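So that we are looking at the same thing, I have put the structure below in structure tokens.
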There are 2 protein chains.
Amino acid sequence: MTSDMIWAPLFQRLKTTTGADDRDLEALAALPFTLRTFRENQAVLRDGEQPSECCLIADGFCFRSKTIVDGRRQILSIHIPGDLPNLQNLHFPTVDHDLIALSDCTLAFIAHKALNDLISQRSGVGDMFWRDTLVDAAVSREWIVNVGQRSTHNRLAHLIVELRERLRLIGRVIDNTFEIPLTQEQFGEAMGVTSVHTNRILRELRIDGVLELQRGTVRILNEHKLQELAQFDGRYLQMSPSS
Amino acid sequence: MTSDMIWAPLFQRLKTTTGADDRDLEALAALPFTLRTFRENQAVLRDGEQPSECCLIADGFCFRSKTIVDGRRQILSIHIPGDLPNLQNLHFPTVDHDLIALSDCTLAFIAHKALNDLISQRSGVGDMFWRDTLVDAAVSREWIVNVGQRSTHNRLAHLIVELRERLRLIGRVIDNTFEIPLTQEQFGEAMGVTSVHTNRILRELRIDGVLELQRGTVRILNEHKLQELAQFDGRYLQMSPSS
DNA sequence: CGTTGGGTTGATCGGTATCAAATAGCGTGG
DNA sequence: CCACGCTATTTGATACCGATCAACCCAACG
């Protein structure tokens with residue numbers, strides 16, 4: 001894996017969502033990092049840890065989650081290549097949730113010190129990161145709406161469309177088909193329903209010809225029906241510079 | 001309302017959660033602002049607007065919300081004096097949700113230009129604001145857990161405790177009693193349940209001697225039972241410097 | 001092969017929405 | 001001061017969504 005491949009998805013995203021300055025990106029790409037690989041289901045960060053580095057997803061997928069006392073688990077966000085899932089630890093030492101590898105994945109770890117030095121030299125880098133955390137927050141708010149108000153069919157459709165839009169930005173959607181290695185149980189944990197119920201919703205969507213999900217591959221069969229269910233307004237993803 | 005009263009709750013929060021530098025706070029307090037008052041239920045910002053100012057809640061309460069196509073509304077966050085509910089517009093021009101006055105309230109509007117100038121002069125101010133948005137994001141994640149996984153009793157208890165902790169920080173809790181002018185319907189919209197169901201949960205909590213809610217006044221009757229229900233872990237609020 | 005983890009289906013139960021109606025509290029104007 | 005109207009709260013009856021429990025299927029893999 002070349003350094004180029006590691007930075008490309010992040011740069012793609014930063015350029016599209018925030019109109020990044022090329023010099024800032026060059027400076028970023030010059031930062032030293034350490035690659036580490038994780039296996040499916042392995043914890044990258046655990047609730048309570050105090051990491052001294054931020055990580056960039058170079059390849060594979062991760063998710064944030066919180067587990068409550070009775071053992072129920074909520075997935076808080078899904079992270080794809082190019083995401084920086086723990087930028088918040090630049091400011092707050094302790095992570096307040098788990099970060100877990102959804103698939104085997106490769107993460108680039110960048111020392112807080114190196115990042116902070118760069119940010120103090122180039123304020124544009126800090127601004128980009130701040131914007132990144134703002135989009136992250138906007139996604140979380142949309143997820144509150146998803147689990148709080150939408151019917152489970154709409155909920156699943158919305159989640160699928162969000163993932164597709166984000167994956168499309170990094171070139172991971174081909175023929176309305178994309179890989180997202182979530183099990184039905186994990187889809188359920190992201191939506192606040194059980195895996196059994198997720199299974200039934202998926203069956204209905206399949207029967208209605210909306211979409212198919214097979215071993216982590218989502219295939220959209222009827223874009224119109226999907227949109228109707230998802231009622232997706234992607235502005236919160238900030239996918240055009242200065243939107 | 002003196003300038004002191006307007007800034008005090010924000011400074012209280014910034015000092016407690018992020019260990020703010022006094023010079024940064026002085027510089028902040030020197031910023032020009034315009035006071036505007038809003039009536040209960042009046043929109044401060046509407047989805048799609050492009051404000052040129054950020055607002056600070058000087059007095060009263062607001063909430064963020066999103067309304068989906070079928071008319072259902074989700075409350076995304078509740079804002080109390082000292083909160084900066086639209087800092088995100090410093091970076092992204094368009095608001096992607098509504099900001100509505102929960103009670104009659106007074107807001108101080110500070111021009112983006114003035115804020116950006118100050119941030120570029122004093123990077124510590126930018127850092128404080130970034131941290132503020134990070135806490136905001138952490139609260140949103142906790143709300144995802146709340147609506148996604150907790151039983152409605154636990155959900156209400158958790159929401160109550162979160163509000164109490166935040167209000168306590170700005171000196172608004174006396175004898176385990178505090179004002180938060182949410183109707184039962186609005187509690188429901190924050191939790192993803194109907195007002196009828198909220199009413200029934202409240203009745204049970206009242207009968208069990210946990211808490212009382214009357215016209216916007218919450219009185220905690222049994223702290224132990226409340227804690228047991230809420231299972232509240234307040235780390236996400238970052239209420240001690242360098243936690 | 002046997003084992004295992006995910007997926008699928010069925011039966012039943014409980015929690016919440018929904019619909020409806022009565023009650024209580026509050027602000028306004030007569 | 002009272003009458004009125006509006007809104008919030010409260011309660012009841014019923015329907016339905018989704019959880020739970022249980023079983024079985026299936027493909028991947030050691």
Side-chain angles (χ1 to χ4, degrees), chain A residues 39-42 61 63 68 70-75 100-104 146-157 159 179-207 211-219 229, chain B residues 39-42 61 63 68 70-75 100-104 146-157 179-208 211-219 229:
Chain A
R39 280 197 253 148
E40 180 182 332
N41 234 17
Q42 191 182 348
F61 301 86
F63 63 90
I68 61 177
D70 65 2
R72 299 170 66 91
R73 184 168 76 164
Q74 175 69 40
I75 291 182
I100 298 178
L102 188 53
S103 61
D104 290 351
N146 220 31
V147 290
Q149 298 299 339
R150 282 194 257 266
S151 76
T152 41
H153 292 77
N154 299 357
R155 210 179 289 188
L156 181 53
L159 177 56
E179 309 274 324
I180 186 76
L182 287 159
T183 64
Q184 294 186 356
E185 168 127 49
Q186 289 162 339
F187 267 110
E189 288 174 326
M191 297 191 293
V193 300
T194 60
S195 61
V196 172
H197 195 58
T198 303
N199 180 276
R200 293 182 166 130
I201 303 164
L202 280 167
R203 174 165 48 120
E204 290 178 35
L205 293 183
R206 193 184 328 121
I207 290 171
L211 60 82
E212 273 179 348
L213 168 66
Q214 273 172 37
R215 270 173 290 112
T217 300
V218 175
R219 177 193 303 268
L229 286 171
Chain B
R39 278 195 255 148
E40 180 181 332
N41 235 16
Q42 190 182 349
F61 300 86
F63 63 90
I68 61 178
D70 66 1
R72 298 170 66 92
R73 183 169 77 165
Q74 176 69 42
I75 291 181
I100 298 177
L102 188 52
S103 62
D104 291 350
N146 220 30
V147 290
Q149 298 298 340
R150 283 194 256 266
S151 77
T152 42
H153 291 77
N154 299 358
R155 210 179 290 186
L156 181 53
E179 308 276 323
I180 186 76
L182 287 158
T183 64
Q184 294 186 357
E185 168 127 49
Q186 289 161 339
F187 267 110
E189 288 173 327
M191 297 191 294
V193 300
T194 61
S195 60
V196 172
H197 194 58
T198 303
N199 179 274
R200 293 182 166 129
I201 301 164
L202 279 168
R203 174 167 48 123
E204 290 177 36
L205 293 184
R206 195 185 326 121
I207 289 171
D208 291 347
L211 60 83
E212 274 179 346
L213 168 66
Q214 273 173 37
R215 269 174 292 115
T217 300
V218 175
R219 176 193 305 267
L229 286 171

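Just so you know, these numbers use all the heavy atoms, side chains as well, and skip hydrogens, waters and symmetry mates. Lettering follows sequence order; numbering is per chain, from 1. Worth saying up front: this structure is predicted, and the values here are computed from it rather than measured.
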query = Any side-chain N or O of A:Thr194 less than 4.0 Å from the OP1 or OP2 oxygen of D:dG18?
reply =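 Looking at the OP1 and OP2 atoms of D:dG18, neither is under 4.0 Å from any side-chain N or O of A:Thr194.
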request  = For B:Gln186 and B:Thr183, indicate whether the former's side chain and the latter's backbone hold a donor-acceptor pair under 3.5 Å.
outcome  =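 Yes: the side chain of B:Gln186 pairs with the backbone of B:Thr183.
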task = Using the closest heavy atom to pick a nucleotide of DNA chain D for each, name whichever of A:Arg200 or B:Thr183 lands nearer the 5' end.
result =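 Counting from the 5' end, the first nearest nucleotide belongs to B:Thr183.
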Distance in angstrom units between B:Gln184 CD and D:dT7 P, rounded =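 One finds 17 Å between P of D:dT7 and CD of B:Gln184, rounded.
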message = Reading DNA chain C in the 5' to 3' direction, which nucleotide is the first one with an atom under 4.0 Å from a heavy atom of chain A, and which is the last?
response =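 Terminal contacting nucleotides, 5' to 3': C:dG6 to C:dA11.
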request  = Would you please confirm or rule out a distance under 4.0 Å between OP1 or OP2 of D:dG18 and any side-chain N or O of A:Arg155?
outcome  =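 Answer is no, no contact under 4.0 Å.
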request  = Grab the CZ-C1' distance between B:Arg150 and D:dA19 for me, whole Å please.
outcome  =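 Atom-to-atom, B:Arg150 to D:dA19, this comes out as 19 Å.
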message = Measure CG/B:Leu182 against P/D:dT7 and give the value in whole Å, please.
response =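 So the CG-P distance, B:Leu182 to D:dT7, works out to 18 Å.
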request  = Would you kindly give the CG-to-P distance between A:Asn199 and D:dG18, to the nearest whole Å?
outcome  =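 Interatomic distance, CG of A:Asn199 to P of D:dG18: 14 Å.
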task = Would you confirm whether A:Gln74, through its side chain, and A:Ala190, through its main-chain N or O, come within 3.5 Å as a donor-acceptor pair?
result =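 Yes, the answer is positive, given that a donor and an acceptor are paired below the 3.5 Å cut-off.
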inquiry  = Rounded to whole Å, please give me the gap between NE2 in B:His197 and P in D:dT11.
reply    =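 Atom NE2 in B:His197 sits about 15 Å away from atom P in D:dT11.
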query = Base, sugar-phosphate, or nothing for A:Ser151, non-hydrogen atoms under 4.0 angstrom?
reply =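 It contacts nothing in the nucleic acid.
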message = Tell me the interatomic distance from A:Arg215, atom CZ, to D:dA27, atom C1', rounded to whole angstroms.
response =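 It works out to 8 Å between those atoms.
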inquiry  = Looking at B:Gln149 and A:Arg73, would you say the former's side chain and the latter's main chain have a donor-acceptor pair under 3.5 Å?
reply    =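 Looks like yes, one N/O pair under 3.5 Å.
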task = Rounded to the nearest angstrom, tell me the gap between atom CZ in A:Arg203 and atom P in D:dG18.
result =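 About 14 Å, once rounded to whole Å.
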query = According to a strict under-4.0 Å criterion, is A:Thr152 in side-chain N/O contact with OP1 or OP2 of D:dC17?
reply =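 False: A:Thr152 side-chain N/O out of range (4.0 Å or more) of D:dC17 OP1/OP2.
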inquiry  = Over all strands shown, is A:Gly192 touching base, sugar-phosphate only, or nothing at heavy-atom distances under 4.0 angstrom?
reply    =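 The answer is sugar-phosphate, as A:Gly192 gets under 4.0 Å only of primed atoms, P, OP1 or OP2.
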query = Are B:Ser103 and B:Glu40 close enough that a side-chain donor and a side-chain acceptor fall under 3.5 Å?
reply =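 There is no such pair between these side chains.
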message = For a side chain to side chain contact (heavy atoms under 4.5 Å, CB included) check, start with the C-alpha distance between A:Leu202 and A:Leu211, then their side-chain angles and the critical distance, and finish with the verdict.
response = CA-CA 8 Å; A:Leu202 280 167; A:Leu211 60 82; 4.2 Å; yes
request  = Please assess B:Leu213 against B:Phe187 for the test side chain to side chain contact (heavy atoms under 4.5 Å, CB included), listing each intermediate value before the final yes or no.
outcome  = CA-CA 11 Å; B:Leu213 168 66; B:Phe187 267 110; 3.6 Å; yes
inquiry  = Heavy atoms from C-beta onward define the side chain here; which of D:dT20, D:dG18, D:dT11 lies closest to that of B:Val196?
reply    =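 Nearest listed nucleotide: D:dT11.
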task = For B:Leu213 and D:dT10, give me the distance from atom CG to atom C1', rounded to whole Å.
result =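 Taking CG of B:Leu213 and C1' of D:dT10, I get 13 Å after rounding.
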key: Residue that, paired with B:Arg150, satisfies side-chain hydrogen bond (donor to acceptor under 3.5 Å, both in side chains) out of B:Asn146, B:Asn154, B:Thr152   =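 With B:Arg150 as partner, side-chain hydrogen bond (donor to acceptor under 3.5 Å, both in side chains) holds for just one option, B:Asn146.
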